[in-house]
Amino acid sequence: MSKRKICVVTATRAEYGLLYWLMKEIKDDEDLQLQLLVTGMHLSEQFGSTYKEIDKEFNIDKKIDISLNNDSAVGICESMGLAQSSFAKAFHELNPDIVVILGDRYEMLSVATSAMILNIPIAHLHGGELTQGVYDDAIRHSITKMSHLHFTANFEYRNRVIQLGENPKRVFNVGGLGLDNIKKLKLLNQIEFETRINFKLNTKNFLVTFHPITLENESSQVQFQELLNALDKLENTNIIFTYANADTNGRIINEMIESYVENHKETCIAFKSLGQLRYLSALQFMDAVVGNSSSALLEAPTFKIASINIGNRQEGRLKAQSVVDCKALSTEILESIDYIYSKEFKKLLQETLNPYGDGGASSKIKAYLKNSKLDGIINKTFYDMK
């Protein structure tokens, strides 16, 4: 009997980190064949050419360059068009049994559209979530409607996927994928971590990741400047920045990071990509993750550290009590920073539970991908909730 071909697509460093253990599970199963397509930020030197790290672990079947030289709205639309055409050709050649897509980025909308038109079943990971400050929200729900197997990170998200008309028999709550890395990776100790990044930690330390707010015209630069203004006021605090994603105006934020680090070399350092090992190892030693990244909500609570969530990019996501929301104003950011050092908040940290579970999602997903019947799965009917 021929092996079931599972085609996984990855476009960003964060996404690859979430998919890593699932890909290992598929690769190591004698009844499955892993097909791997790499695209987007992975192939861009500006974002660290992270495909090189993937190449060390997995065989990449195809590298699909969708040209990320222009992060304007028109430039991203052009990249999406190129992605749809390129992935259609790749899927036609590889003929996978299932295509696996994670999340809500614009590249994945093009991937899903190509697979749908070619009648290839789609498995969608991390559906049902909300991020009301960005167009990712509409993209995620659109991919849900194109997909046939759904793997959610929480029961609330599972219910939302069903609310969108998906058959409950094909919607599985498995927990957050990122937690598998925390359980399975041997994280670096502080000396190892400082050596790996060539940077000494301070009395207080923050990890800052800020991505564009795609539904608010020209606000990303203003909001990020407010964050930088707040960081200027801190004492005895070192900052590790990670670059913004390849979203609209992401380059502006990255240029601001580079300029800020250049003027604060003693206390700041920036990375295009830390990679999962260094990123998760960093969380052990941080007082807070600051910005608007989903990792501050998904992974940081497991380490019982603070997450200062700025603005509305993550509006609608489930949040642990370790997450402190604030507006993108330097005064509110500083108030939040003061709060996380209070006795009240430190007590909350010790009681924090991660709403996305405690790991094991990858093995559960692999089992469903392996054993789910695919006959007739393409012909979906809308499920009406009673």
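Numbers here simply count residues along the sequence, with the first being 1.
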Is it the case that the side chains of T10 and H42 hold a donor-acceptor pair, with the cut-off being a distance below 3.5 Å and no angle test?
yes
According to a hydrophobic-cluster definition based on side-chain heavy atoms being under 4.5 Å apart (Ile, Leu, Val, Met, Phe, Trp, Tyr only), do L187 and V289 belong together?
yes
Restricting to pairs with a member in residues 198-213, which pass salt bridge (Lys or Arg N to Asp or Glu O under 4.0 Å), not counting sequence neighbours?
E194-K200
Euclidean distance, M146 CE relative to H141 NE2, rounded to 0.5 Å:
13.0 Å
With rounding to the nearest 0.5 angstrom, report the CD1 to OH distance, I162 to Y157.
15.0 Å
Taking all non-hydrogen atoms of both residues, which atom of H211 and which atom of N292 are closest, and how far apart?
N-OD1, 2.7 Å
Looking at D104, is its backbone amide N or carbonyl O close enough to the side chain of R140 to form a donor-acceptor pair, meaning the two atoms are under 3.5 Å apart?
no
Donor-acceptor contact present, side-chain R196 to main-chain E192, <3.5 Å
no
Less than 4.5 Å apart, any side-chain heavy atom of L185 and any of L280?
yes
Table please: side-chain donor-acceptor pairs of residues 333-350 below 3.5 Å, with sequence neighbours left out.
residue	atom	partner	partner atom	Å
S336	OG	E332	O	3.0
S342	OG	Y339	O	2.6
S342	OG	F345	N	3.2

Once salt bridge (Lys or Arg N to Asp or Glu O under 4.0 Å) is applied, what residue pairs with a partner in residues 258-276 remain, sequence neighbours excluded?
E262-K265
Indicate if L188 and F199 have the same hydrophobic cluster label, given that clusters are the connected sets of ILVMFWY residues with side-chain heavy-atom separations under 4.5 angstrom.
yes
Can you confirm whether L227 sits close enough to Q223 that some side-chain heavy atom of one is under 4.5 Å from a side-chain heavy atom of the other?
no
Using every non-hydrogen atom in the two residues, find where P96 and Q35 come nearest and quote the distance to one decimal.
CB-OE1, 3.2 Å
Looking at A230, is its backbone amide N or carbonyl O close enough to the side chain of S330 to form a donor-acceptor pair, meaning the two atoms are under 3.5 Å apart?
no
Just verifying a value: how many Å separate L179 CG and W21 CH2, rounded to the nearest 0.5 Å?
14.0 Å
Holding to salt bridge (Lys or Arg N to Asp or Glu O under 4.0 Å), I want the full list of residues that pass it with D29, two or more places apart in sequence or in another chain.
K366, K370
dist C7:SG -> D61:CG (nearest 0.5 Å) comes out at 7.0 Å
Please list every donor-acceptor pair under 3.5 Å in which a side-chain atom of residues 83-95 meets a protein atom from a residue at least two apart or in another chain.
residue	atom	partner	partner atom	Å
S86	OG	L82	O	2.9
E93	OE1	K62	NZ	3.1
E93	OE2	K62	NZ	3.3

Apply ring pair (Phe, Tyr, Trp, His ring centres under 6.0 Å) to Y260 and list each qualifying residue two or more places apart in sequence or on a separate chain.
F241, H264
Any side-chain to backbone donor/acceptor pair from T113 onto L109? Under 3.5 Å, distance only.
yes
Above 12 or not: heavy atoms from other molecules or residues under 6.0 Å from CG of D28?
yes
Interatomic spacing from NZ in K304 to CG in L283 - rounded to 0.5 Å:
14.0 Å
Is a salt bridge present between D325 and K319, judged by a nitrogen-to-oxygen distance below 4.0 Å?
yes
Hydrophobic clusters here meaning ILVMFWY residues chained together by side-chain heavy-atom distances under 4.5 Å, can you tell me if F303 and I197 are in one?
yes
Does one hydrophobic cluster hold both M256 and F271, with members joined at side-chain heavy-atom distances below 4.5 Å?
no
In terms of hydrophobic clusters joined by side-chain contacts under 4.5 Å, are F58 and L102 together?
yes
Any side-chain donor near an acceptor of the partner, S79 and Y106, under 3.5 Å
no
Is there a donor-acceptor pair under 3.5 Å between the side chain of D97 and the backbone N or O of K5?
yes
Could you check whether S362 and D180, counting side-chain N and O atoms only, form a donor-acceptor pair closer than 3.5 Å?
yes
Looking at N254 and A244, would you say the former's side chain and the latter's main chain have a donor-acceptor pair under 3.5 Å?
yes
Polar contact flag, side-chain donor to acceptor under 3.5 angstrom, N238-N205
no
Can you sort out the partners of F285 under ring pair (Phe, Tyr, Trp, His ring centres under 6.0 Å), two or more places apart, ordered by chain and number?
F193
Sorted by chain and residue number, the side-chain contact (heavy atoms from CB on, under 4.5 Å) partners of A11 (sequence neighbours excluded) come out as E15, T39, E107, M108
When you measure from the side chain of R4 to the backbone N and O of L369, does any donor-acceptor pair fall under 3.5 Å?
yes
Under a 3.5 Å threshold, yes or no: a donor from one side chain and an acceptor from the other, between N354 and T302?
yes
Donor-acceptor pairs are to be reported for all side-chain atoms of residues 371-378 against protein atoms at under 3.5 Å, with residues two or more places apart or in another chain.
residue	atom	partner	partner atom	Å
N371	ND2	A367	O	3.0
S372	OG	Y368	O	2.6

Does the S293 side chain pair with the main chain of S295, one donor and one acceptor, at a distance under 3.5 Å?
yes
I need the minimum non-hydrogen distance between Y51 and I60, along with the two atoms involved.
O-CD1, 3.9 Å
Residues which pass salt bridge (Lys or Arg N to Asp or Glu O under 4.0 Å) with D232, listed by chain and number, not counting sequence neighbours:
none
Student check: side-chain heavy atoms of M23 and K27 closer than 4.5 Å:
no
Distance from I122 atom CD1 to N119 atom CG, nearest 0.5 Å?
10.0 Å
CD of E235: more than 12 outside heavy atoms within 6.0 angstrom?
no
Nearest heavy-atom pair of C326 and I308: which atoms, and what distance?
SG-CG2, 3.9 Å
With side chains defined as the heavy atoms from C-beta onward, is the minimum distance between M41 and R105 less than 4.5 Å?
yes
Mind listing the side-chain donor-acceptor pairs of residues 166-177 below 3.5 Å, one per line with the distance, residues two or more places apart or on another chain?
residue	atom	partner	partner atom	Å
E166	OE1	H150	NE2	2.8
E166	OE1	K380	NZ	2.8
E166	OE2	K145	NZ	2.7
E166	OE2	K380	NZ	3.1
N167	OD1	K169	N	2.9
N173	OD1	N154	N	2.9

Indicate the atoms forming the closest heavy-atom contact of P212 with I253, along with that distance.
N-CD1, 3.8 Å
The complete set of salt bridge (Lys or Arg N to Asp or Glu O under 4.0 Å) pairs with one or both residues in residues 112-131, sequence neighbours excluded, reads E129-R317
Counting heavy atoms not belonging to K184, are there more than 12 under 6.0 Å from its NZ?
yes
Side chains of Y20 and E57: any donor to acceptor distance under 3.5 Å?
yes
Within-4.5 Å side-chain heavy-atom neighbours: L149 and H124:
no
Can you see which heavy atom on V261 is nearest to which on A270, and at what distance?
CG2-CB, 3.9 Å
Are more than 12 heavy atoms, taken from residues, nucleotides or ligands other than L118, located less than 6.0 Å from that residue's CG atom?
yes
Treating R313 as the side-chain partner and G291 as the backbone partner, does any N or O pair qualify as donor plus acceptor under 3.5 Å?
no
I want to check something: taking the side chain as every heavy atom from C-beta on, are T237 and N202 in contact at a cut-off of under 4.5 Å?
no
With distance as the sole criterion, is a donor-acceptor pair present between the side chains of T209 and T242 under 3.5 Å?
yes
